[in-house]
Amino acid sequence: MWLRELWENAATAGWSSGQLEARHKVELIPHYAEKLGWTSVSTRAGEGPVSVLRPVAQTRARAETMSSVHGLDAQPLHVDGSHMLRPPDVVVLFSEEPNETPTRVWKPEARGRNREAAQHGLFLVGTGRSAFVAPTLDRDGKRWRYDPVIMRPADERARTIAAHLDSTSVLHAQDVRWEDKNGILIIDNRKIMHGRAAVAEGDEGRKLIRMAFYLGDKS
């Protein structure tokens, strides 16, 4: 199955991109994912597991979103669903039309002092009654959680790893370009971080379809 092959590449490298063939309708991706044992998950309150991403100016954006802070400028790299107790394992992005605004991806590594800070520094995640505290890297050192918009450092170790992630991602992120029709990008969401580059001139109408999944026993 084509989705399994793309995921196997993503699980090794952190991401995998390609072009969705005409016979594989984007609307059927959740069906193909279910056959792999994946479970669809919503990452935005009030929305289903399939959402549409469009560039939004700060003045028009919902509060506590990337766009409310960064508008049409470059987004900091992040893990989708970091505000959730369990962020999704897989994120699928699809663009029917080419555009000039790449998605940036980066595979973080933490060693020594940074690793200790990543696993033990605590962040306040979210606001209000649903807020909780969490580190950026889980205890087994395999799964990341990070979003500088909704995660606030609660101690010095958290401030150390936040500064490391923000500065290093800017220097070492790679561009995944949407040069072809029906482009698809599959992201190992707990292994790498991603974000949109600054919106290119003429890309104000850019549209990506996003889907998120939890892996199941069959994956």
Residues in side chain to side chain donor-acceptor pair (under 3.5 Å) contact with [X], at least two apart in sequence or another chain:
X: Arg54; answer: none
X: Glu27; answer: none
X: Lys181; answer: Glu97
X: Ser51; answer: Arg210

Checklist entry - Between the main-chain N or O of Ala118 and the side-chain N or O of Thr136, is there a donor-acceptor pair closer than 3.5 Å? => result yes
Next on the checklist: Please check: side-chain N/O of Lys191 versus main-chain N/O of Ala11, any donor-acceptor pairing under 3.5 Å?
Outcome noted: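 Yes: the side chain of Lys191 pairs with the backbone of Ala11.
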Is there side-chain contact between [X] and [Y], with at least one heavy-atom pair below 4.5 Å?
X: Val149; Y: Thr65; answer: no
X: Thr103; Y: Leu208; answer: yes
X: Asp180; Y: Pro98; answer: no
X: Glu96; Y: Ile209; answer: no
X: Arg190; Y: Lys142; answer: no

Checklist entry - Which residues, ordered by chain and number, are linked to Val133 in its hydrophobic cluster, where ILVMFWY side chains connect at heavy-atom gaps below 4.5 Å, directly or through other members? => result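 Val133 shares its hydrophobic cluster with Leu124.
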Next on the checklist: My understanding is that a hydrophobic cluster links ILVMFWY residues whose side chain heavy atoms are under 4.5 Å apart, including indirect links. Using that, what else belongs to the cluster containing Leu72?
Outcome noted: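 Val199, listed by chain and number.
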If every non-hydrogen atom of [X] is compared with every non-hydrogen atom of [Y], which pair is closest and at what distance?
X: Tyr214; Y: Pro87; value: CE2-O, 3.4 Å
X: Lys207; Y: Ser95; value: O-OG, 3.8 Å
X: Asp89; Y: Leu215; value: OD2-N, 2.8 Å
X: Leu77; Y: Pro148; value: O-CD, 4.1 Å

Any side chain to side chain donor-acceptor pair (under 3.5 Å) pairs touching [range], not counting sequence neighbours?
range: residues 119-134; value: none
range: residues 144-153; value: Glu64-Arg152, Tyr146-Asp166
range: residues 108-118; value: Glu109-Arg111, Asn114-His164, Glu116-Arg157
range: residues 8-21; value: Glu21-Arg23

Next on the checklist: One pair to check against side-chain hydrogen bond (donor to acceptor under 3.5 Å, both in side chains): Asp80 and Thr43. What are the steps and the verdict?
Outcome noted: CA-CA 7 Å; Asp80 263 10; Thr43 60; 5.4 Å; no
Item to check | Euclidean distance, Arg196 CZ relative to Gln75 CD, rounded to 0.5 Å | outcome: 4.5 Å
Item to check | Partners meeting ring-ring contact (aromatic ring centres under 6.0 Å, His included) with His83 (sequence neighbours left out) | outcome: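 Partners of His83 under the ring-ring contact (aromatic ring centres under 6.0 Å, His included) test: none.
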Next on the checklist: Quick one about Thr101 and Trp178 (side-chain donor to acceptor, distance below 3.5 Å, no hydrogens or angles considered), yes or no?
Outcome noted: no
Checklist entry - Can you pull the ring-ring contact (aromatic ring centres under 6.0 Å, His included) pairs that have at least one residue in residues 185-211, sequence neighbours excluded? => result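 Passing the test, one end in residues 185-211: His78-His194.
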Checklist entry - Mind checking whether Tyr32 and Trp2 have parallel, tilted or perpendicular rings, split at 30° and 60°? => result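 Rings of Tyr32 and Trp2: perpendicular, as their planes differ by over 60°.
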Item to check | Residue Glu100 excluded, over 12 heavy atoms near CD under 6.0 Å | outcome: no
